[in-house]
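For reference, the structure is listed below as structure tokens.
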Amino acid sequence: MNRSIVPEAVSRQPWSMLIPLFALVGLGAAVLYSAAGGKLQPYALSHVVRFCVFMVMAIVISRMSRNLFRLAAYPVYALILVLLVLVELIGAVGGGSQRWLNLGFMTLQPSELMKPAIVLVLARFYETLPHSMTASWRGLVPAAVLIGLPALFVLIQPDLGTATAVCFGGVVTMFLAGLPLWWFLSAGGALVIIAPIAFFTLLHEYQRNRVLTFLDPEADPLGTGYHITQSKIAIGSGGIFGKGFGNGTQSHLQYLPEPHTDFVFATMSEEWGLAGGLFVLFVFAMVLGWGMRVARQAPDRFSSLLAAGMTATMFFYVMINLMMVMGLAPVVGIPLPFMSHGGTSMLTNMICLGTIMAVHRWNRDRGSFR
Amino acid sequence: MKFDFRRLLRPPHVTAGTLRNSFDRRSVVLGAIQGGVGCLLATRMAYLSVFENEKYKLQAESNRVNLSLIPPRRGWILDRNGRPLASNRADFRVDIIPERMRDPARTIAELGRLLSLGPIAMQDLEDKLERARGFAAVEVASRLDWERFAAVSVRLPDLPGVVTQRGYSRYYPTGPSVGHLIGYVGAASAEEFEKDRDPVLITPGYKVGKDSLEKFFEKDLRGKPGARRVEVTASGRIVRDLDTREDVPGKTIKLTIDADIQDYAARRIGPESAAVVVMDCRTGDLLAMASMPSFDPNSFSDGIGRLEWKMLSDDDHVPLRNKVLRGLYPPGSTVKPMVGLAFMEAGLDPDESVFCGGGLRVGNRVFHCWNRRGHGQVNMAKGIYQSCDVYFYHFAQRIGMDPIAAMAHRLGLGAEFELPVAGQSYGTVPDPAWKLRKYKKEWQTFDTVNATIGQGYFLVNPLQQAVQASRIASGRIIMPRLIHGHQQDAVPSLGVPEEHLAYVRRAMSDVANGPGSAPNSKLPFPDIKLAGKTGTAQVVGLHISNGKGGLWKHRDHGHFICFAPAENPRYACSVVVEHGGGSGAAYPIARDVLTYIFDRELGMTKLTELEKKWGGTAKERLDARFRAYSAEYGVGAPKVSPEEERRKFQGLPQGDDPRQPISEAQSPAPEPEAAASSPASASSAPAAPAAAGQTP
């Protein structure tokens, strides 16, 4: 490829990350095509269309200036927090839990948007925080409040998975912001003690069951352990090269729950085998590795924290989903980025990606200035 | 604590440089963690899909493929002419697999509504479910019409655990007539499955043989199940057939039985509790083995309902016991031809006579002849055809018991034959050694006296009596056979001199055709003569009942053994009528059965007339009785326990315990000679007042 004849706007895009990503979305579309019984509708086509739409959105985000991000950080955070409260209120009025707002043309899940927003607002907070205060209570308490408020609202929805994701993104940003290491260690220690207590007091019955089932899925093969067991059967029976495209029995005969959303990786593994699974892991390694590289190359505190936090948020999705389908984590409703069918998670992940691409552009622009 | 507190208050020195430094270090740590998680996931995935691949492949297959066994068609049971005694007929059926039901109460109620089951059927179904083990199918209904079958079939998705099937069910064309001979089939019980772990046993619709031939030939009749592999979704919907292996039907079994004679004999018994055995006395082929009353094996195959069980258990005519093989009776005077043969063998001149004055003093007690007025001068022939007891009392004391017992054994009494049946009660031929062994008591003269007229300890079953008749008729060691087609070697001779046999046969012919005790047993053919011997066995002492009327269970048993044609014997027959009031109840049955064998039309005319009086065929009467019972008891009948079921079918315990009380000496039962003079009463109700009234 001769750089001179390729427009600069195209050539400067992070192709080493984008090409594997396109391949992954393509694989995702193929899996969804198969899961729908060899039809484009209802999953595969909308998956690709959504990706294209959100890719455009990501490119738009990536064209935004650093100052715009800085300015928007607190208002965006506040707006999403208001939306979260609104969801709670509507839910309380309507009687029953609700997680989304109906905007007419799409349903919006504010808790999803909070995942990138928390990273953005914390990056902004630590940028403005005087360096010397980083290790003091003033570096901890406001950040804790910024994380705690939305996490609490999400938790009472109740949505443990998203609440954990929000906390994870926030805490990783704090960790990278340079807060004293022993704070994290002691918090982790405290968690080990509190977790069992919370397990028996705070968690809902169904959440408790999920954890118990995770610990021993075969104990109740037709009940809650069914999901994990069937998912492992799908992955295990695929072998090295899979059963072949369109030949997955676990998904086609409806043994696998949610074969197009949360368990899409199991659907894929059954038909594409270990080879397909390693390809998916490879693509995520490329994307996330690129994200961390962008963060390290970022010139200032805000950009680096932003890029690293966004990468961590995406990583959390991938990690929890894959551990879940392989029987290493309890069943939580977290989809696999770029493969699972579903608009909101695609939106969140493309916001994260667009933000990292923006930081990537800032890095290049800085390079060109020098 | 103090030190820590101070450190907390004094923040460390932080600059932009240290923060950048820490970011770089920590981002490397974070990247390493991410890489580590990636490696963990890759390893886990490789473990699942490579090392545990076999296990999960198998699980995916067992998810996907549903293997259902097709129960094999049971082998047919044919009579000697190839007519089916037990066959299979196409059938729509509905079963339940209890452990797959989600809401049993609702499912069963829904099934009851769809199949329009009555309260009695619902109760039986609940009993069956209670006893069932979860994985084995329980039959709800079979022989359904298409509408009801379809009504359940279309609702299957809402009725988890319910299985509809087009299959075959066992069919016995003559119903109750072959109940005891063939047995019946039913779903395998838990114990049967424990013993024989063949998975076909728990296949919906599969039945195992529960009694008699069905049970004995279970392995031959079973065949090999077919299998159908289908791909199913998680909710159980069948996506497509993968492959089907046809079942291999069980082997056909051909019996020596003649279906027509069997059915005729069973029907001719009428309302009596009786057994009829017909044999070909040249080959030993059993042509009929009827025991009535019986049950309808067709209605047993879906399990024995409470009400049906109550009806059969309440019946004092014991319809659940096969009287041919498991009924033991004192043979009465039917042993006299045999005793006569024993006398001649021991050197007694048959013309030597004794005066019968109506009784004989033995020791300190007088033994009466059945005819208290006496028979006058009696030789052996007269002793047989007039059934004079005194003749036998007298000469038995001279000859002794041992030669008589030896002859009894030679003629097949007390023997257990090699037959494919579930159990034979072989009874007792008493002799001094046996009594000493059994009761630790010396043999007494009055024991001999009792035994010579077939009373006392003597117990035989109807099959043995038929064998006895055929051996006397042929002079050969005829063995009864039930399975057709075995080529038999030349039947060895009994070793009894032909002139002895001829003498006894002539005396037996005189019973029917001469001056004998049963002139009415004569066959209605000028050229075919019947030779026979009557017998009347007392059940209780004369101080309780005279054996003719009164309580049914106190009446005498009626016996008749015979063969025909008398000159060139072809068929042998024995009849026992429990509590028939004497031999007058037995010989009309034998006579009509033989009439039927020689002239089917004539025999059937007689039967049709009789059945009109009795209220229909055996099957019709059984059905009417069941209707009466369901009207009377409804769902109030008590439950049937499996142990009880087994016990009833086993009948009497094996052995030689006489059922009747043994007093020191028993008076012989009177022979109902007088009854023979009124043909109407003899052929219909043996306990008719006319017969009882004319007894001396």
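Letters go in sequence order (proteins before strands), and every chain restarts at 1. What you are looking at is a predicted structure, and each value in this text was computed from that prediction instead of being measured.
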Quick test of your reading of the model: are [X] and [Y] salt-bridged, counting only N-O distances below 4.0 Å?
| X | Y | value |
| --- | --- | --- |
| B:K207 | B:E139 | yes |
| B:R73 | B:D247 | yes |
| A:R301 | A:E127 | no |
| B:D243 | B:R245 | no |

Quick one: what part of [X] sits under 4.5 Å from any heavy atom of chain B, side chain, backbone, both or neither?
| X | result |
| --- | --- |
| A:F265 | side chain |
| A:L281 | side chain |
| A:L256 | neither |
| A:V172 | side chain |
| A:L278 | side chain |
| A:T134 | side chain |
| A:M292 | side chain |
| A:A234 | neither |
| A:A285 | neither |
| A:F175 | both |

Report yes or no: do [X] and [Y] form a side-chain donor-acceptor pair below 3.5 Å?
| X | Y | result |
| --- | --- | --- |
| B:T18 | B:N21 | no |
| A:E258 | A:T261 | yes |
| A:S34 | A:E271 | yes |

Can any side-chain N or O of [X] pair as donor or acceptor with the backbone N or O of [Y] at less than 3.5 Å?
| X | Y | result |
| --- | --- | --- |
| A:T313 | A:G309 | yes |
| B:S49 | B:M45 | yes |
| A:T267 | A:F263 | yes |

Proximity of residues 246-253 of chain A to chain B, residues having a non-hydrogen atom under 4.5 angstrom: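 From residues 246-253 of chain A, the residues near chain B are A:T249, A:Q250, A:L253.
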Stepwise side chain to side chain contact (heavy atoms under 4.5 Å, CB included) check, A:L328 with A:L322: CA-CA 8 Å; A:L328 294 173; A:L322 292 186; over 6 Å; no
B:R20, part contacting chain A, at a heavy-atom distance under 4.5 Å: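 Side chain only.
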Residue B:E231 versus chain A: region with a heavy atom under 4.5 Å: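 Contact with chain A is through the side chain of B:E231 alone.
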Best-contacting candidate, A:K243, A:M133, A:Q254, against chain B by heavy atom pairs under 4.5 angstrom: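 Max contact count across the listed options: A:Q254.
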Top of A:G273, A:A177, A:G239, A:A308 for chain B proximity - count of heavy-atom pairs under 4.5 angstrom: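 Of the options given, most contacts go to A:G239.
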Close side-chain approach of A:D262 to A:M324, heavy-atom, < 4.5 Å: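 Counting from C-beta outward, A:D262 and A:M324 do come under 4.5 Å.
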Option in B:K57, B:E54, B:R44, B:E61 with maximal non-hydrogen atom pairs under 4.5 Å from chain A: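 Most heavy-atom pairs under 4.5 Å with chain A: B:R44.
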Residue selection (most heavy-atom pairs with chain A, distance under 4.5 Å) from B:A60, B:G31, B:S22: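 If we count pairs closer than 4.5 Å to chain A, B:A60 comes out on top.
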Verdict with supporting geometry, A:F168 and A:F315, side chain to side chain contact (heavy atoms under 4.5 Å, CB included): CA-CA 10 Å; A:F168 184 84; A:F315 166 74; 4.2 Å; yes
B:L129 versus B:P98, closest heavy-atom pair with distance: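 Nearest pair, atom of B:L129 first, then B:P98: CD2-CG, 4.0 Å.
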